[in-house]
A.B. asks: 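Mind having a look at this structure? Questions to follow.
Numbered from 1 within each chain, the chains take letters A, B, ... in sequence-line order. Bear in mind that the values here come from a model prediction, so they are computed numbers and not experimental data. Worth knowing before you read on, the calculation uses all heavy atoms, side chains too, and leaves out hydrogens, waters and symmetry mates.
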4 protein chains.
Amino acid sequence: MLVVMHSHATPEQIEQVVAAVRRMNLTPHPMPGATRTAIGITGNVGAVDPRTLEVLPGVLELIRVTKPYKLASREMHADDTFVRLPQTVIGPGTFTLIAGPCSVEDEDLILRTADWLMARGVRLLRAGAFKPRTSPYAFQGLGLEGLAILDRARRRTGIGIVTELMDTDNADAVEQVADVIQIGTRNMQNFSLLKRVSRASKPVLLKRGMSATLEEWLMAAEYVMAGGNYNVVLCERGVRTFSDHSRNTLDLSVIPPVKKLSHLPILVDPSHGTGKRDYVPPMALASLAAGADGLLVEVHPEPDRALSDGAQTLSFEGFERLLESLRRLAEPLRRTLN
Amino acid sequence: MLVVMHSHATPEQIEQVVAAVRRMNLTPHPMPGATRTAIGITGNVGAVDPRTLEVLPGVLELIRVTKPYKLASREMHADDTFVRLPQTVIGPGTFTLIAGPCSVEDEDLILRTADWLMARGVRLLRAGAFKPRTSPYAFQGLGLEGLAILDRARRRTGIGIVTELMDTDNADAVEQVADVIQIGTRNMQNFSLLKRVSRASKPVLLKRGMSATLEEWLMAAEYVMAGGNYNVVLCERGVRTFSDHSRNTLDLSVIPPVKKLSHLPILVDPSHGTGKRDYVPPMALASLAAGADGLLVEVHPEPDRALSDGAQTLSFEGFERLLESLRRLAEPLRRTLN
Amino acid sequence: MLVVMHSHATPEQIEQVVAAVRRMNLTPHPMPGATRTAIGITGNVGAVDPRTLEVLPGVLELIRVTKPYKLASREMHADDTFVRLPQTVIGPGTFTLIAGPCSVEDEDLILRTADWLMARGVRLLRAGAFKPRTSPYAFQGLGLEGLAILDRARRRTGIGIVTELMDTDNADAVEQVADVIQIGTRNMQNFSLLKRVSRASKPVLLKRGMSATLEEWLMAAEYVMAGGNYNVVLCERGVRTFSDHSRNTLDLSVIPPVKKLSHLPILVDPSHGTGKRDYVPPMALASLAAGADGLLVEVHPEPDRALSDGAQTLSFEGFERLLESLRRLAEPLRRTLN
Amino acid sequence: MLVVMHSHATPEQIEQVVAAVRRMNLTPHPMPGATRTAIGITGNVGAVDPRTLEVLPGVLELIRVTKPYKLASREMHADDTFVRLPQTVIGPGTFTLIAGPCSVEDEDLILRTADWLMARGVRLLRAGAFKPRTSPYAFQGLGLEGLAILDRARRRTGIGIVTELMDTDNADAVEQVADVIQIGTRNMQNFSLLKRVSRASKPVLLKRGMSATLEEWLMAAEYVMAGGNYNVVLCERGVRTFSDHSRNTLDLSVIPPVKKLSHLPILVDPSHGTGKRDYVPPMALASLAAGADGLLVEVHPEPDRALSDGAQTLSFEGFERLLESLRRLAEPLRRTLN
């Protein structure tokens, strides 16, 4: 941490900051400069609220240096994390596809989609039993009945289940059925929920919040890891900006910094990222090229009749074409689709 | 709703959209224009996902017209809502102050602050027993013990309690102690929590999400009202933008549209909005001038020793000076501080 | 400036950074810490591109400390700047109104408006002869003819003229007529234009760019001041965010930091800031309460017939009501309208 | 265009809007609905300021339907535009590389880079003689001397020159030397400059403004085309958001909508987009996969000694590796590097 003093700060004010730092059991390093003095601080600064020093007289600014995440950081854990599931592994080298309808609408839809995906080598199904909807009047998902449908599909087809958990009340039920528990974008900083899944026996897919910085996202992963669940998969799904040409602004440029700062795998959701079916395939290919570890894609046999998110959902034919393009592109990138 | 066709859409494509609209039990109104055809849609369009029609061939764009919120809307409910509490009333004409420390640190702090506030005519205390913190390693609040402290302060001083609820597990406990249940910015779209407080016997203070549009915010209020709890108070606390001169970008310009589109009262939290103590008073005065119905302000007898948010917290002296300024300003605006 | 090393940086890598800093004629201050080493840098670092050191091996991050603006900074120039015009003074203590139509439409409009404003004590007229329009097909302003109209209004009524300069080609013409040369939001970083007005004999009103940070804005002011023109007035007019309830997001929270970091006066333009006539008065009052030094407001005798921006323009009656409210509010704030 | 009336608008208010529309020589189409009336408007609405009708009594909202750009729109011009240069062609099917140092530092650098690029099949050199810099104290480019150096490099090596024009004063000089005139991000809405290059004999590379919507960007292209210069190449270079993990947020998701709504080619600048050398190659590959028509990349023989933007500049070795990766990826995408 670094305390920057005003150019006209008095020696007494500098001494006051130095004393305050010592009272925190930290070591101050005053650096007199041409126009002003800065005071470096070393020691265990993780617990200090940087803004506390900022209000001392003569202080211009306080700059934090140490990253606040530890378990999620590559500095602490240099090797890539591979999240191992019964059906497959998520991590560098492969490119994992998770596909399916936005919501569990009925058993027929889920079985039909699961069979179709397994026949094409896609071993993870996404579908929501609990749906976070902006409007209280919109379809809210089938709930426990939806979970039961997913459970039967899992048994009958062997496909892995990725499904969203929205609250602690349903945590046990979701944990039992899901192979991967999804935490949605609106719950990225629902800390009670993060603490609950930090004790879950299943990996967590953590979607980025709509306006989350990379640091906040990794801190949310840290919540899950600090509770003992190290199997966290990040998922970029578009952030909120002024841009209005698509539903959200898919931030593919977050992939290289995630890979640099963390050891966790990262997927991309181009369906929510763009909000429009036509834009999904180019963004899916771009995600692979940018170094993502896989995709979360909305697929439905009849997207125009889907109960939610139909406009951003690929048909089976559309998804099949995308699979082919991904396979062709994976080869020169030395990646294997799974 | 309005479907805009491509300029080179064929008559068959137009007919196909008209038929699709009829199948939804809605009425299509084709409007042939100089360069293209648009198709107006009337009927109960609330349940239609606008993006479903968008993917039909020949369709350029789909434009939604009807606002999706009803109970929160001024169109449905022209008169201002006044939220009546045992201690005071929140709504137009008055200017309600809610003040106190960021978190319940110990009983002495809370009693001392409550006494001091009551002596100055401030009848609502804010203080968090449950604290949403970005880091799992930061102070998470005293929890139930904190609630008990607030309860005792309420009994001994008569002050009203505004405190945050973070999850359904603690809903009963918070509901019992709080005069107003606060839903924090990170939980604005925690729909399970919104549904829970929609059945609560206490009013809800709904903070705006960090990147929530006005429509999404009013839809979150709609969740609470749709469950039967009509006592919702909105609270602007800064949104996330590229701007880095303050902790968040306090969006005072949302106040006039809230007043136009909704009948619910709106408060402003200049402490979180700015993140810096020095900037709180000017933004507090500006909130009053802009037409807000009150403030949520962080106050602490020794802000530099506060366990959280000290840098944005006013001292008693600072708050007293602010009170005087607010009183002077309220008079020409024909508002009464309470 | 501070160089933060990786926790596993080698002593050689640290030495390499120290050497690189010395080669730049700066002084390195290594600070070994519990988990990593940081290297403070003192000396004249203004000219160093911080990102150059960032790519050296072992470097985690580079943090700039010194503010890059000097002439615009309060640290260098503690006293408030007052911009003195023939008609009035802009600066703390007063509250300056600049009003008028969006564009010079014809001589009658300008004379009528100028007379009406002068009769109410408003001594500065705003009106554009050159109009930056998003569409090449929209009305682009009367150009030199518009300037001539403004010149005649100035002579006949004594009102001061604030008008926009869009390019160096028309700089001489605008400089001759204007009492204050306006640089529009889209030209805030048109550096050729800034250099030209830095040699102008008239004060410059510098609107904030649509996505400009406070630092970039003050750096644009620095361009004007570095060329010798110290008479710069800042003007906040709304920034671009995800928010869609108004045309732009009026950032009143920039006022206190501007006052803290700079000595330059700052005005607010609530007409462009909100884009809607009804929202102008509450935001105008809030600007006064927040500490702004004045307003730029669009006024037109018949706003619904204005050639541009009619929807955000006040009528004479609306402006008169606003004037009264401002006067009432100015008194307890100890400010004088001018 | 569509006028949406309040649910409680009176028949007189509706009639008033209908009459106002007729006075504009447009055709109103009233559509009475279950809860409210909407009024469709057909005819040539391009010239109408939508906000003018919005302030009539009883009007809730005004929705614009027709896109305001024409020459840049694919609706008007279905076939892809290919911009033909003496050295190559920019447009679908190929993938054009434009590479070089941020600024013209000296003749040796430019010749060495030009030779090296030509030997690798890269036929367009980017380098700035005029540099837009945030600080007035930073290196501003060599100016006319820089242009002369570029001119000699062009003659000696045959490489094409892409260089920025910052103001109309230097337009003739830049037009003479450049094969492509670059308009920088800060000048995207410098309308005087756009009008000047609309009369230029050379193609224009139009960078997206830092907070420009797609519509504003295409409107800026429309300015150039409306003046007679149809050779416009768009260039995405990152937009400004809250995200702080890279210098800007590179918006690759704009590529599919650009291709859908316009016929103009689009390049990506991953150097400015990310601001960090390490992140350039993955974003370059992602641009190709997403459907961009080429890249603008910063390359320098010794990036750590570059006078500007060194941290985001690739070395020759780094660029060579990127070229190989791009070639491998181009094949399955059926694209040819040029």
A.B. asks: Most heavy-atom pairs under 4.5 angstrom with chain D, which of T249(A), D251(A), T241(A), L250(A)?
C.D. replies: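 Ranked by contacts with chain D, first place is D251(A).
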A.B. asks: Can you tell me how far the OG atom of S253(A) sits from the NZ atom of K276(D), to the nearest 0.5 Å?
C.D. replies: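 It is 11.0 Å, given to the nearest 0.5 Å.
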A.B. asks: When you look at H245(D) and T213(A), which way does the side chain to side chain contact (heavy atoms under 4.5 Å, CB included) test go after all the steps?
C.D. replies: CA-CA 7 Å; H245(D) 56 75; T213(A) 63; over 6 Å; no
A.B. asks: Go through A289(A), P257(A), G238(A), P332(A) and name the one with the most non-hydrogen pairs under 4.5 angstrom from chain D.
C.D. replies: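 Most heavy-atom pairs under 4.5 Å with chain D: P257(A).
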A.B. asks: Is chain A contacted by the side chain of K259(D), its backbone, both, or neither, given a heavy-atom distance below 4.5 Å?
C.D. replies: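 When you check distances to chain A, no heavy atom of K259(D) falls under 4.5 Å.
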A.B. asks: Between CG of L214(D) and OG of S246(A), what distance do you get to the nearest 0.5 Å?
C.D. replies: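 The CG atom of L214(D) sits 9.5 Å away from the OG atom of S246(A).
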A.B. asks: I'd like to verify something: which residue of L288(A), V258(A), L285(A), V254(A) has the highest number of heavy-atom pairs under 4.5 Å with chain D?
C.D. replies: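 Maximum pair count with chain D is reached by V254(A).
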A.B. asks: Do E331(D) and E331(A) make a side-chain contact, defined as non-hydrogen atoms from C-beta onward lying under 4.5 Å apart?
C.D. replies: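 They are not in contact (no side-chain heavy atoms under 4.5 Å apart), so the answer is no.
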A.B. asks: With a 4.5 Å limit on heavy-atom distance, are the side chains of Y279(A) and I255(D) in contact?
C.D. replies: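 No, every pair of side-chain atoms sits at 4.5 Å or beyond.
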A.B. asks: Is chain A contacted by the side chain of A212(D), its backbone, both, or neither, given a heavy-atom distance below 4.5 Å?
C.D. replies: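 Only the backbone of A212(D) comes within 4.5 Å of chain A.
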A.B. asks: Let me confirm one number: the CD-CG distance from E216(D) to D244(A), rounded to the nearest 0.5 Å.
C.D. replies: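 Reported value, rounded in 0.5 Å steps: 8.5 Å.
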A.B. asks: Which region of R334(D), side chain (C-beta onward) or backbone (N, CA, C, O), has a non-hydrogen atom less than 4.5 Å from a non-hydrogen atom of chain A, or is it both or neither?
C.D. replies: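 Answer is side chain: those atoms of R334(D) sit under 4.5 Å from chain A.
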A.B. asks: Can you tell which part of L333(A) gets under 4.5 Å to a heavy atom of chain D, answering side chain, backbone, both or neither?
C.D. replies: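 The side chain, not the backbone.
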A.B. asks: Under a 4.5 Å cut-off applied to non-hydrogen side-chain atoms, are M283(D) and P256(A) in contact?
C.D. replies: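 Yes - at least one pair of side-chain heavy atoms lies under 4.5 Å apart.
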A.B. asks: Nearest 0.5 Å, what's the OG-CZ distance between S243(D) and R208(A)?
C.D. replies: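 So the OG of S243(D) and the CZ of R208(A) are separated by 4.0 Å.
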